[in-house]
Protein chains: 2
Amino acid sequence: MNRSAQVLATKLRTLSSLSAGDLELIDRVIPPASHYEARRDLIREGEVPQYVMLVVQGFACRYKTLRDGKRHLVALLLPGDCGDLHAPLLDHMDHGIATHTACLIAKIPREGVLDMLESPALEKALRRSTLVDEAILREWLLNIGQRRSEERLAHLLCELHHRLRAIGMAGEAGYDLPLTQAELGEIAGLSTVHVNRVVKELRRRELVYLRRGRVEIPDPRRLAWLCGFNANYLHQLAEAGTFS
Amino acid sequence: MNRSAQVLATKLRTLSSLSAGDLELIDRVIPPASHYEARRDLIREGEVPQYVMLVVQGFACRYKTLRDGKRHLVALLLPGDCGDLHAPLLDHMDHGIATHTACLIAKIPREGVLDMLESPALEKALRRSTLVDEAILREWLLNIGQRRSEERLAHLLCELHHRLRAIGMAGEAGYDLPLTQAELGEIAGLSTVHVNRVVKELRRRELVYLRRGRVEIPDPRRLAWLCGFNANYLHQLAEAGTFS
DNA sequence: GGAACGACTTTACCTATGTTAACGGTTTGC
DNA sequence: GCAAACCGTTAACATAGGTAAAGTCGTTCC
């Protein structure tokens, strides 16, 4: 099974169980990935989407830009995540997608997507995946709209912990996070300086140690409690390696 | 054609053109609506979705609640809007849906949705509709994350103007908006007091007159300019009665 | 017609967060 | 091996927006 297919399969398995046939189908349909450097646009706002992008390795993001150049990340795409299945239905993108770190990206042609949707189990997994993407958007909206900076960052770190654990990219108490503090700010709607203040405070309270692309969370449940994190909205299957 | 079907057809026509056959199909599939009073839960967080809700009349909303009771509206459902097509794929709701004003709501059974998805034109319209819902979520995230209170409210009012115009519920320069200032705050992530400050300022600058459930916008383009509003993300068909 | 209620207003005060600017440490490129 | 760039850190200061409380106005209900 090629690498791209494997990554997608891992992700989809966190949402629905797949048969051997499904795996073969994925393998047949997913093209090999190509390499992109960090901070490259994969598609810009206003352009016409042709493929469904699948992140095979690295972190990518969806972003929107304001007139004054301020940018806001509206989604993080982790390995196994992909763009909207039906994006090609729209005439133009209302946001951009860019790599964050260096990435491997597979471009799935529209027919490939349609083939996968033929399998009931795959259809279920793919549709659940888009529902979860939407649920994450809602949670981010709540996060920015109602929580104060400390809970806000904590919540984001909890979410990433869960999502990365589900795909085997995080341990019990930490994970690699290739995001600068400025970038965390672009997600959380905070200035770099303030992100730094919060990170410092979280460290002082021994809740999170964040440094050089690595996050350590000595007591995940304590952190989750602090920010009211509840993983329900990720709709992960119970087996998918989450801690309760 | 029954009322519920008509409202849905109006909405879907803003996204894709429909044939006579499509209209008949809608008419056959959409059940009559029932009446709900204002501020009633249609479905609560944690419950299992059974139907796809269609708002026929009135305003409804999606909301999420925090431990401390603070609520945040994560979507406004206007007449013709409906819940996620595939929501029944999820085990439980990660947010609630409630009426805002008194509403007429039609509950579309799952098979009805599947029937509609059989028609290519309807499928296109319905899928575009869910893509637009997601696009609105992203725009709201940007709105709250990056814009200051004045632009933020202005942007929200512009969006509602466009959405309501598309379904024939707004004129060139105004519309009825049955939301209190407190509720606008729950959408924009602002306190009631601050919403009031902003409303006052917008009035002083002759940009928006907001009073008793009615919004008057003397110069929509000036308002749109102020807050950088660009309707692209609504992906409305050109004919759908939007002002340029 | 008066009481009760809800929405809207305003004031005074407080604080979370933004802004600007500067400095030190690491990594990267030549 | 040095310079440049980038990132993280901190300080001083500015301000947008939150909170609490009270008053006004219009509507609804008896």
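First the proteins, then the strands, lettered A, B, ... as listed; each starts at 1.
- Of the residues in residues 141-154 of chain B, those with a non-hydrogen atom less than 4.0 angstrom from any atom of DNA chain D are B/R148, B/S149.
- Note on the helix from C/dG1-D/dC30 to C/dC30-D/dG1: terminal axis deviation equals 50°, with five pairs used at each end and the result rounded to 10°.
- When the side-chain nitrogen and oxygen atoms of A/K200 are compared with OP1 and OP2 of D/dT9, none of them lie within a distance under 4.0 Å.
- In this structure, B/G213 reaches neither bases nor backbone, as no heavy-atom distance under 4.0 Å exists between it and the strands shown.
- The two atoms that bring A/G189 and A/R152 nearest to each other are O-NH1, 3.6 Å, heavy atoms only.
- For the pair A/L210 CG and D/dC7 C1', the interatomic distance rounds to 12 Å; values are reported in whole Å.
- When each of B/L179 and B/R197 is assigned the nucleotide of DNA chain C with its nearest heavy atom, B/L179 is the one assigned upstream, toward the 5' end.
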Next item on the list: Go through the steps for A/L137 and B/W140 under the test side-chain contact (heavy atoms from CB on, under 4.5 Å), then give the verdict.
Entry: CA-CA 10 Å; A/L137 269 174; B/W140 283 22; over 6 Å; no

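- With sequence neighbours left out, the side chain to side chain donor-acceptor pair (under 3.5 Å) criterion links A/H194 to A/S149, A/R197.
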Checklist line | Derivation and outcome, side-chain contact (heavy atoms from CB on, under 4.5 Å), residues B/R147 and A/L66 | finding: CA-CA 9 Å; B/R147 287 193 256 257; A/L66 248 42; 3.7 Å; yes

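- For the pair B/R203 and B/Y209, the cation-pi test (distance below 6.0 Å, angle within 45°) is failed.
- In this structure, CG of A/L177 is placed 11 Å from P of D/dG8, rounded to the nearest angstrom.
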Item checked: Per-nucleotide protein contact string for nucleotides 25-30 of chain D (B base, S sugar-phosphate only, - none; heavy atom under 4.0 Å) -> ------

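- Checked against side chain to side chain donor-acceptor pair (under 3.5 Å), B/Y36 has no partners two or more places apart in sequence or in another chain.
- The nearest whole Å value for the distance from the CG atom in B/N196 to the P atom in D/dA16 is 17 Å.
- For the pair B/Q181 CD and D/dG18 P, the interatomic distance rounds to 14 Å; values are reported in whole Å.
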Next item on the list: Test side-chain contact (heavy atoms from CB on, under 4.5 Å) on A/E186 and A/H72 and set out the steps.
Entry: CA-CA 5 Å; A/E186 284 180 320; A/H72 193 95; 5.9 Å; no

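- Ion pair B/R39/B/E183 flagged as a salt bridge, since at least one NZ, NE, NH1 or NH2 atom sits closer than 4.0 Å to an Asp/Glu carboxylate oxygen.
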Check: Where do A/R205 and A/E150 land on the side-chain contact (heavy atoms from CB on, under 4.5 Å) test, with the steps shown first?
Finding: CA-CA 11 Å; A/R205 295 172 60 185; A/E150 198 169 291; 2.3 Å; yes

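- The nearest whole Å value for the distance from the NZ atom in B/K70 to the C1' atom in D/dG17 is 12 Å.
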Next item on the list: Could you go through the ring-ring contact (aromatic ring centres under 6.0 Å, His included) check for A/H162 and A/F229 one step at a time?
Entry: CA-CA 11 Å; A/H162 274 259; A/F229 180 82; 5.0 Å; yes

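- A straight line from CD of A/E186 to C1' of D/dC7 spans 14 Å, rounded to a whole angstrom.
- Counting 5' to 3', DNA chain C first comes under 4.0 angstrom of a heavy atom of chain B and last does so at the ends given by C/dA7 to C/dT19.
- Between the side chains of A/E139 and A/H155, at least one donor N or O sits under 3.5 Å from an acceptor N or O.
- A salt bridge does not link B/R62 to B/D94: none of the charged side-chain nitrogens sits closer than 4.0 Å to a carboxylate oxygen.
- A/V193 comes within 4.0 angstrom of a nucleotide base, judged by non-hydrogen atoms across all strands.
- Between the side chain of B/K11 and the backbone N or O of B/A166, no donor-acceptor pair lies under 3.5 Å.
- A donor-acceptor contact closer than 3.5 angstrom is absent between the side chains of B/Y175 and B/E216.
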